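One structure is given here, and the rest of the page talks about it.
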Amino acid sequence: MNNSKEPQWELDDEFKTLTITFPTDPPVAFVLDTESVSKLIEGAGQIRAEMPPPHDETWEGGQMVDAVLDPRWYSEADALLGEPLLHIRDPRYGWLHYALPRESARALGTLLILQADEGPADDQEQPRKN
């Protein structure tokens, strides 16, 4: 038995199944296909949103992150209120969906244009405002 107190995650050689082995006595393992892994991620995310402590509401700029480079995205008007609905594809989590009030969408759009036009500027940090 593995002496680690953490579950062990192992992807099979064909990248088709994930085995998660829990360090219980005896060990318990779950073998999940792609669809089951996606359902696990979605379900865990929904439950995590209800658990304390909540994720931080604010972000401190300048931190190192594991960013997705140039993700696919799509934007459309929300069918009910007509407000911006932003879809961003994350290879880890699939399509994520964000409904933005017009004021927040306008602030985000303005900031993105500013950053795209000016490029990096260490002395002129433009914080998110919403």
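A quick note: this is a predicted structure, and the numbers were derived from the prediction, not measured.
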(message) Is there a path of hydrophobic side-chain contacts, each under 4.5 Å between heavy atoms, that joins Ile88 and Val68?
(response) no
(message) Going by salt bridge (Lys or Arg N to Asp or Glu O under 4.0 Å), name the residues that satisfy it together with Glu60, two or more places apart in sequence or in a different chain.
(response) none
(message) Pair Leu108, Leu100 - check side chain to side chain contact (heavy atoms under 4.5 Å, CB included), show working.
(response) CA-CA 10 Å; Leu108 177 59; Leu100 301 173; 4.2 Å; yes
(request) State, to 0.1 Å, how close Phe15 and Asp12 come at their nearest heavy-atom pair, and which atoms those are. (result) N-OD1, 2.8 Å
(message) Connecting only ILVMFWY residues whose side-chain heavy atoms lie within less than 4.5 Å of each other, what is the rest of Met64's hydrophobic cluster?
(response) none
(message) Between Leu112 and Thr110, is there a side-chain heavy-atom distance shorter than 4.5 Å?
(response) no
(message) For Arg102, give me all partners under salt bridge (Lys or Arg N to Asp or Glu O under 4.0 Å), at least two apart in sequence or on another chain.
(response) Glu83
(request) Output every pair passing side chain to side chain donor-acceptor pair (under 3.5 Å) with a member in residues 87-99, not counting sequence neighbours, ordered by first then second residue. (result) Glu76-His87, His87-His97, Asp90-Arg92
(message) With side chain to side chain contact (heavy atoms under 4.5 Å, CB included) as the criterion, how do Leu32 and Leu40 come out once you've worked through the C-alpha distance, each side chain's angles and the decisive distance to 0.1 Å?
(response) CA-CA 9 Å; Leu32 306 170; Leu40 175 67; 3.9 Å; yes
(message) Is there a side-chain contact between Pro84 and Asp78 in this structure, where contact means two heavy atoms from C-beta onward sitting under 4.5 Å apart?
(response) no
(request) Establish whether Leu11 and Ile20 are linked, either directly or via other cluster members, by ILVMFWY side-chain heavy-atom contacts under 4.5 Å. (result) no
(message) Through direct or indirect side-chain contacts below 4.5 angstrom among Ile, Leu, Val, Met, Phe, Trp and Tyr, which residues connect to Trp59?
(response) Val65
(message) I need the minimum non-hydrogen distance between Pro27 and Thr21, along with the two atoms involved.
(response) CB-CG2, 4.1 Å
(message) I'd like to know whether CD of Gln63 has more than 12 heavy-atom contacts from other residues, nucleotides or ligands below 6.0 angstrom.
(response) yes
(message) Side-chain heavy atoms under 4.5 Å apart, restricted to Ile/Leu/Val/Met/Phe/Trp/Tyr: what other residues fall into the cluster of Leu80, or is it alone?
(response) Leu81
